[in-house]
Colleague: 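Below is a structure I'd like to ask you about.
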Amino acid sequence: MAAEVELKLTTDPESLARVREHPALVAVLRGRARTSKDVSTYYDTRAGELRKAGVALRVRRSGQQWLQTVKGAGDRVGALHRRPEYEWAIRTSHIDARKLSTTPWRGVFEATAGRLRPVFVTEVDRTEQPIAFADGTRATLCLDAGEIRAGRKRAPLTEIEIELVQGEPRMLHELALSLAADLPVAMAQASKSERGYALASPATRVPVRARKLALVPDASVGNALVQFGSDCLAQIGSNAQCVAVGFDGEFVHQARVGIRRLRSLLKMVADLIGAEKIEPIVQELQWLSTAFASARDWDVFATGSLAAVARALRHSPSRRDVGTLRGRVTRVRNAHFVEARAAAASPRLQRLQLAVGALLAALESPAAAPAMRGPARNLAKDTLERRARRLDKRGRHLQRVSPAERHETRLAAKKLRYVAELFAPLFPGSRTKDYFSALGKLQHALGHLNDLATGERLLDELAPGARTERLVHGAGIVRGWLSGAEASALADADRARRKFAKTKPFWR
C-alpha cells in the first residue's frame, strides 16, 4: 500500500495554461514535461456501496497503459489530501477482482461482486513534470484540463495537483501560496471522485458543521491541533464556497463557527510557538470574521426576533408597521449578504486558507517545535482549566452586569466549548455527555440574550433619514418586545449558569 499525499488546487483554463511559467514553479521544476490523455472510469453499485464505505475504485487508461486503482477515505490538511492507495497495471479495461481481494476493503468488494457498474468518467489532458525543492523535498506537478461525464451531464475539470514523492508536505503548501499570490487558484474542496459522484447524483447542499474528532488517548499536541485545524478549514471552506454562489443563512452561520473555532486554535498555537509567527493569519481571519458578522446579525434579527414579534401581533393592527420594519431590515440583511458573498468568493480567502494549511503542515512536521511532540492531554487539562475559570469569573454576576459584559460571558462559553469538543476524546467517560449538555444550555441562553441586545443595536443602525412614521412606530413596538423579553431571558441564563457550575468537568 502507498499513501498518496497531494495538494489539489482548482483554477481557470487560461491560468492553467501559464502556471508553469510562474517564477515559483520555474525555480523548482526539473526534467522534461510529459503529456498524456487520461481517461478514468469510476465504479460503484447502484446503491453507492463503495462510496458509503469510503472507497473509490477506478480503471484508468493512460496512453497505452491500463491502471486499476483503489483509494480509501483518508483525510485533509488544508489543500493537502492524504489517502491510502493501491494501484496495479492490468492488461485490459476489465476490473481484476483478484487484486481487490488484497486490499483492506476485501469484504466490501466481495459483497458487491457482480454488481459494480460505471458511474462517471473523467477525461483529462495531463501534463506531468518533476519538482525538487532546496530542502530535498521531491514532488510531481500534474496539470489536468478536461471534464467529468456522468451520463449526459458534463462538468469542466481544471486542476493543479502537486503530489509528494518524498520530504516535507509543508513545501507543497508554500508553493501553493506563491501561486495564489499571482494566479486565481482555489483550494479543491472535493476530490475528482467526490465531484463525479456529485455530478452523477446531485444532493441538496447542506451546511457543513463541526465533526467529532477521532483523537487517540495518547495523541500528540501536534496531531490534535492539526486534526482540529483541518476540520475548521473544511467547515470554513465548504460553507464559504456555498455562500459565494448564493447560499445564505445557516451557511454563513456555520462558516462563522468555523472561523471562531480556528481562532481558538490559533490562540493555543500562539501560546506554544509565539504570537508573532501567526499574526498575519490572525489579522486575515479578523477580516473574514468581520465580513460575515453583519450578515449573520441582520439575518438572526430578521428571521428570529422580528419574526417572533410578527407572530405575536398577527391579529393586531400594529402588524403592518412591524411588517414595514421587517421589509427594511430584510433589505439591509440582503445587502450585507452581498458583502459576505464577495468575501467568500475572493482570492483573499483562498490565500488565507492556504496560509492556514501551511501552518498546520508545519505543526506536524518533524522539524516542528518540541512542544508539538508532547502529549495532548497535558495541553488539554491546562487549556480547559484556564477557560473554565474564565467563564466562571465572567458569569458569576450575570444578572448585574451590562449587556457588553454578558456578551463577554457568552464568548467565554463558546471558547470553552470549542476546546472541550477538541479534547473530549482524550478523556473517555460518561461525564462528557452531562458536561456538554449543561454547557450547551448555557450557551443557548446566553445566545438568546445576545440576540436581544443585538436587535436593539441594529434598530439604532437603521438610517435615521429614511425613517417614516410607520417605520418609527414599528421600531418602537419591537424595542418594547425586546425589552420585555430581557428579564425572562436573563433569569433563564442565570439558572443555566448555576446548573453548569455544579457540573463536574470531565478532564479532572
Colleague: Looking only at non-hydrogen atoms, find the nearest pair between Ser220 and Ala376 and report the distance.
Modeller: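 Reported closest heavy-atom pair: O-CB, 3.6 Å.
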Colleague: For the OG1 atom of Thr137 and the CD1 atom of Ile131, what is their distance to the nearest 0.5 Å?
Modeller: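 If we round to the nearest 0.5 Å, Thr137:OG1 and Ile131:CD1 are 11.0 Å apart.
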Colleague: Flag the pair Val221 / Asn378 as yes when at least one side-chain heavy-atom distance between them is below 4.5 Å, and no otherwise.
Modeller: no
Colleague: Tell me yes or no: between the side chains of Asp492 and His448, is some donor less than 3.5 Å from an acceptor?
Modeller: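 No - no donor-acceptor pair under 3.5 Å links their side chains.
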Colleague: Inspect the contact between Lys192 and Glu159 and indicate whether a charged nitrogen and a carboxylate oxygen are less than 4.0 angstrom apart.
Modeller: yes
Colleague: For the pair Glu194 and Lys8, find out whether any cationic side-chain nitrogen is under 4.0 Å from an anionic carboxylate oxygen.
Modeller: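 The answer is no: the pair does not qualify as a salt bridge.
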Colleague: In this structure, which one of Phe423, Tyr435, Phe427 forms a ring pair (Phe, Tyr, Trp, His ring centres under 6.0 Å) with Trp507?
Modeller: Tyr435
Colleague: So, the side chain of Ser230 versus the backbone of Arg76: is there a donor-acceptor pair under 3.5 Å, distance only?
Modeller: yes
Colleague: Ion pair present between Arg389 and Asp392, side-chain N to carboxylate O less than 4.0 angstrom?
Modeller: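 Between Asp392 and Arg389 there is no salt bridge, as every charged N stays at least 4.0 Å from the carboxylate O atoms.
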Colleague: Taking Asn450 for its side chain and Leu446 for its backbone only, find out whether a donor-acceptor pair lies under 3.5 Å.
Modeller: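 Side chain of Asn450 to backbone of Leu446: no pair is present.
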Colleague: I'd like to know if the side chain of Lys212 and the backbone of Pro425 have a donor-acceptor N/O pair within less than 3.5 Å.
Modeller: no
Colleague: State, yes or no, whether a side-chain contact exists between Leu80 and Leu360 at a heavy-atom distance under 4.5 Å.
Modeller: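 In short, these two side chains do not touch, never coming nearer than 4.5 Å.
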Colleague: Between Arg58 and Ser40, is there a donor-acceptor pair closer than 3.5 Å when you use the side chain of the first and the backbone of the second?
Modeller: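 The answer is no, because no donor-acceptor pair under 3.5 Å joins these two groups.
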Colleague: For the residue pair Asp144 and Thr122, establish whether any side-chain heavy-atom pair is separated by less than 4.5 Å.
Modeller: no
Colleague: With the threshold set at 4.0 Å, does a side-chain nitrogen-carboxylate oxygen contact exist between Arg390 and Glu408?
Modeller: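 No.
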Colleague: Applying the side-chain contact (heavy atoms from CB on, under 4.5 Å) criterion to Leu100, which one of Trp105, Tyr86, Phe109 satisfies it?
Modeller: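 So, applying the side-chain contact (heavy atoms from CB on, under 4.5 Å) to Leu100 and each of Trp105, Tyr86, Phe109, only Phe109 qualifies.
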Colleague: Check step by step if side chain to side chain contact (heavy atoms under 4.5 Å, CB included) holds for Glu385 and Arg508.
Modeller: CA-CA 9 Å; Glu385 283 291 346; Arg508 292 177 187 165; 2.7 Å; yes
Colleague: What is the minimum heavy-atom distance between Ala380 and Leu426, and which atoms define it?
Modeller: CB-CD1, 4.2 Å
Colleague: Kindly give the heavy-atom pair with the smallest separation between Ala413 and Leu439, and that separation in Å.
Modeller: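 Closest heavy-atom pair between Ala413 and Leu439: O-CD1, 4.2 Å.
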Colleague: Would you say the side chain of Val329 lies within less than 4.5 Å of the side chain of Leu458, judging by non-hydrogen atoms?
Modeller: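 Not in contact.
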Colleague: To the nearest 0.5 angstrom, please state how far the CG atom of Asn239 sits from the CZ atom of Arg256.
Modeller: 13.0 Å
Colleague: In residues 164-172, what donor-acceptor pairs under 3.5 Å come from side-chain atoms, sequence neighbours left out?
Modeller:
| residue | atom | partner | partner atom | Å |
| --- | --- | --- | --- | --- |
| Gln166 | OE1 | Arg138 | NH2 | 3.2 |
| Glu168 | OE1 | Ser365 | OG | 3.0 |
| Glu168 | OE2 | Ser365 | OG | 2.6 |
| Arg170 | NH1 | Glu174 | OE2 | 3.4 |

Colleague: Checking Glu6 against Arg83 for the salt bridge (charged side-chain N to carboxylate O under 4.0 Å, His left out) test, could you report, in this order, the C-alpha distance in whole Å, the side-chain angles of both residues, the deciding distance, and whether it holds?
Modeller: CA-CA 9 Å; Glu6 60 183 6; Arg83 307 177 73 182; over 6 Å; no
Colleague: Counting distance only, does the side-chain N/O of Arg406 pair as donor-acceptor with the main-chain N or O of Val401 below 3.5 Å?
Modeller: yes
Colleague: Ignoring hydrogens and angles, tell me if any N or O in the side chain of Thr503 forms a donor-acceptor pair with the backbone of Lys499 under 3.5 Å.
Modeller: yes
Colleague: Should the pair Glu421-Arg417 be classified as a salt bridge under the 4.0 Å nitrogen-to-oxygen rule?
Modeller: yes
Colleague: Has Asp44 got a side-chain atom pairing as donor or acceptor with Leu50's backbone, closer than 3.5 angstrom?
Modeller: yes
Colleague: Counting only N and O atoms by type, is there a donor-acceptor contact under 3.5 Å from the side chain of Thr409 to the main-chain atoms of Arg394?
Modeller: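 Confirmed, Thr409 side chain pairs with Arg394 backbone.
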Colleague: Between Arg333 and Asp248, is any pair of side-chain heavy atoms under 4.5 Å apart?
Modeller: no
Colleague: Do Gln286 and Arg263 have side-chain N/O donor and acceptor atoms under 3.5 Å apart?
Modeller: yes
Colleague: So, Asn223 versus Gln227: side-chain donor-acceptor pair below 3.5 Å or not?
Modeller: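 There is such a pair (donor and acceptor under 3.5 Å, judged by atom type) between the side chains of Asn223 and Gln227.
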Colleague: Give the C-alpha distance, both sets of side-chain angles, the deciding distance and a yes or no for side chain to side chain contact (heavy atoms under 4.5 Å, CB included) between Leu7 and Ile160.
Modeller: CA-CA 8 Å; Leu7 188 141; Ile160 303 168; over 6 Å; no
Colleague: Which pair of heavy atoms, one from Phe337 and one from Ala295, lies closest together, and at what distance?
Modeller: CD2-CB, 3.6 Å
Colleague: Are the side chains of Glu486 and Leu482 in touch, meaning some heavy atoms are under 4.5 Å apart?
Modeller: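 Answer no - side chains too far apart.
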Colleague: For a side chain to side chain contact (heavy atoms under 4.5 Å, CB included) check, start with the C-alpha distance between Cys232 and Tyr418, then their side-chain angles and the critical distance, and finish with the verdict.
Modeller: CA-CA 11 Å; Cys232 294; Tyr418 299 147; over 6 Å; no
Colleague: Testing the basics here: between Gln254 and Pro207, what is the closest heavy-atom pair and its distance to 0.1 Å?
Modeller: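 Shortest heavy-atom separation between Gln254 and Pro207 comes out as CG-CB, 3.8 Å.
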Colleague: Between OG1 of Thr383 and NZ of Lys381, what distance do you get to the nearest 0.5 Å?
Modeller: 12.5 Å
Colleague: Report yes if some heavy atom in the side chain of Asp299 is under 4.5 Å from a heavy atom in the side chain of His253; otherwise report no.
Modeller: no
Colleague: For the CG atom of Leu225 and the CG atom of Leu363, what is their distance to the nearest 0.5 Å?
Modeller: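 With rounding to 0.5 Å, CG (Leu225) is 6.5 Å from CG (Leu363).
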Colleague: Just say parallel, tilted or perpendicular for the rings of Phe120 and Tyr42, cut-offs at 30° and 60°.
Modeller: parallel
Colleague: Any non-hydrogen side-chain atom of Leu359 less than 4.5 Å from a side-chain atom of Ile281?
Modeller: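 A side-chain contact exists here, since the closest heavy-atom pair is under 4.5 Å.
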Colleague: Determine whether Arg386 and Asp271 satisfy the following criterion, side chain to side chain contact (heavy atoms under 4.5 Å, CB included), listing intermediate values before the conclusion.
Modeller: CA-CA 13 Å; Arg386 283 189 287 107; Asp271 291 341; 4.0 Å; yes
Colleague: Flag the pair Asp434 and Arg431 as a salt bridge only when some basic side-chain nitrogen lies within less than 4.0 angstrom of an acidic carboxylate oxygen.
Modeller: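 The answer is no: the pair does not qualify as a salt bridge.
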Colleague: Phe247 vs Phe251 aromatic rings, parallel, tilted or perpendicular, using cut-offs 30° and 60°?
Modeller: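 If you compare the ring of Phe247 with that of Phe251, the planes turn out tilted.
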Colleague: So, taking the atom named CG in Leu416 and the one named CZ in Phe500, what distance separates them when rounded to the nearest 0.5 Å?
Modeller: 5.0 Å
Colleague: Treating Gln350 as the side-chain partner and Met187 as the backbone partner, does any N or O pair qualify as donor plus acceptor under 3.5 Å?
Modeller: yes
Colleague: Nearest heavy-atom pair of Ala344 and Phe292: which atoms, and what distance?
Modeller: CB-CZ, 4.0 Å
Colleague: Is the side chain of Thr11 donor-acceptor paired with the backbone N or O of Pro184 at a distance under 3.5 Å, no angle test?
Modeller: yes
Colleague: Between atom CD of Glu456 and atom CG of Asp451, what is the distance when rounded to the nearest 0.5 Å?
Modeller: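 Atom-to-atom, Glu456:CD and Asp451:CG are 12.5 Å apart.
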